[in-house]
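Contents: one structure, followed by commentary.
As the structure lists them, so they are numbered: ligands from 1, and atoms in each ligand from 1.
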Amino acid sequence: MSERLKSLTGLAATARLPAFDRTALNPGILHLGPGAFFRAHVAPYTDAALALAGGDWGIEVASLRTADVADHLNEQNGLYTMLVRDTEGTVAHVMGPILKAHVATRNPSELLARLEDPAIRIVSLTVTEKAYGFDAATGGLDLQHADIAADLANRHAPRGVIGYLIEGLARRRAKGIAPFTPLSCDNLPSNGAVLKRLVLDFSGRVDPELRAWIEENVPFPSTMVDRITPASTDATYRDAEVLTGRVDLAAIETEPFTQWVIEDRFANGRPAWEKAGALMVEDVSAYEKMKLRMLNGAHSLLAYLGYIGGYEFIRDVMDDAGLAALARRHMNAAAATLGPVPGIDLEVYADELIARFANKAIAHRTYQIAMDGTQKLPQRLLEPATEALADGSKAETYAIAVAAWMRYALGIDRNGKSYELRDPRAAEIVERLADIPRNGDAVSLALFSLPGLFPAALTENLAWTEDVANKLEILIQDNKLPLF
Ligand code: CS2
């Protein structure tokens, strides 16, 4: 067994090392949610920016829930390996920008102290859609969300993302410290604007003066983030060890493609991310819509159809010519809902997406993408479906995707094996489906009536809901039957 990855000396020649002096870094960014996606995206962009433009922007990370990743990172002095995989082979990059990791549940006051440190000028987030406490129906705060409810009741001892941001900003304001810039890197449309709305809504309820100060002083840039990053597996850890010569329990694997579009509004400076390839823009919304509707929408379609069809990975689904063609059609339909996206040819973008999904070196589980459907459907499928219908289109591809999600929500695969519906609303879904006959009409009706999920413009469109019910009926009877 090799030694643990703890320093940059003596690593195998097959590992690429950080091209900057780690000892010159100071904490400047606090990142909430150090999951695989952050380690494949924000961290490597920062690593590359430090290498190409210098500066001292080190990153501290904080996990709001589980301790594993934080513990592994601390054990490894913040170092970890990013494997970039394609059919030509795998390259290992050892990443250097992380200085330290915190675990909020273990030591909440330590995280609060980091949030009020003037050295921290950016608080970036990859916490997944469900952590925000966003009510898709109202566009505001979901008062039933467990973290939001707990933090509103006890705001000085927060446990959720919004609660921590508010308490951090409140402490800075009280001490006359300039605010940090919150930087959302989750797959939500106008993620910065959504975060701002939630923070203002929350602060308005507990401290209107704080709300006014935030409104006046805190920018909330939106970002579009993209890099396909499967969850790490034993193969990730094994290859990281082979290529670096060290055991690395924080290793991740990802694809070569990466994209980051950022609104250039920061209260207090930022790393030179543009040197690392990030596109700095005034308004990110066109890029976000494109990515959410074309990439993530098609991903969800393939994940649900693929999972219930017995395919473990997206690359396997893409081997099914019928499903691959369906994905391409979905992208075309999604593209038709978009305005122009500066600098991007949507045809080329769709071709690239198809190639990325088909990448044989990337083992991205359909079950991973199928997770949290209630949090993903609105921005990926339901908003473009609503716009397509308003525009006179049949929105058939969205009916297929929604029917596939509904079939998946039954929680039983085609061999009769049950699986866990990993969704914050799973209990509600199971309850609604409990005594419902397994046919397209009954199941779709039960799920259409989940409060706040489907917009009225969709549920009141009887031709469309009937289309969903018919497609669902086919999927219930036999996944293999054609959908048209
Ligand atoms: C995926 C995304 O898990 C999912 O829902 O659609 O994580 C997707 O891989 C990324 O957004 C790609 O940038």
### Message
H31: which residues meet the ring pair (Phe, Tyr, Trp, His ring centres under 6.0 Å) condition with it, sequence neighbours left out?
### Response
F38
### Query
Cationic tip of R121 within the cone over F180's six-membered ring, i.e. under 6.0 Å and within 45° of the normal?
no
### Query
Taking Y45 as the fixed residue, which of W57, W260, W273 is the one that meets the ring pair (Phe, Tyr, Trp, His ring centres under 6.0 Å) rule?
W260
### Task
For T128, check side-chain contact (heavy atoms from CB on, under 4.5 Å) against everything at least two apart and list the hits.
K130
### Query
Would you call R407-E473 a salt bridge at under 4.0 Å N-O?
no
Could you list, one pair per line, each nitrogen or oxygen of ligand 1 together with any protein nitrogen or oxygen closer than 3.5 Å, giving atom names and the distance rounded to 0.1 Å?
unit_1: ligand 1; atom_1: 5 (O); unit_2: K376; atom_2: NZ; d: 2.8
unit_1: ligand 1; atom_1: 5 (O); unit_2: R380; atom_2: NH1; d: 3.0
unit_1: ligand 1; atom_1: 5 (O); unit_2: R380; atom_2: NH2; d: 2.9
unit_1: ligand 1; atom_1: 6 (O); unit_2: N296; atom_2: ND2; d: 3.1
unit_1: ligand 1; atom_1: 6 (O); unit_2: H299; atom_2: ND1; d: 2.8
unit_1: ligand 1; atom_1: 6 (O); unit_2: R380; atom_2: NH1; d: 3.2
unit_1: ligand 1; atom_1: 11 (O); unit_2: N187; atom_2: ND2; d: 2.9
unit_1: ligand 1; atom_1: 11 (O); unit_2: K291; atom_2: NZ; d: 2.6
unit_1: ligand 1; atom_1: 11 (O); unit_2: N296; atom_2: ND2; d: 3.0
unit_1: ligand 1; atom_1: 13 (O); unit_2: D226; atom_2: OD1; d: 2.5
unit_1: ligand 1; atom_1: 13 (O); unit_2: R227; atom_2: N; d: 2.9
unit_1: ligand 1; atom_1: 13 (O); unit_2: K291; atom_2: NZ; d: 3.2

I'd like a table of donor-acceptor pairs (distance under 3.5 Å, sequence neighbours excluded) in which one partner is a side-chain atom from residues 362-371, with atom names and distances.
unit_1: R365; atom_1: NH1; unit_2: E312; atom_2: OE2; d: 2.1
unit_1: T366; atom_1: OG1; unit_2: Y311; atom_2: O; d: 2.8
unit_1: T366; atom_1: OG1; unit_2: E312; atom_2: O; d: 3.2
unit_1: Y367; atom_1: OH; unit_2: E420; atom_2: O; d: 2.6
unit_1: Q368; atom_1: OE1; unit_2: A231; atom_2: N; d: 3.0

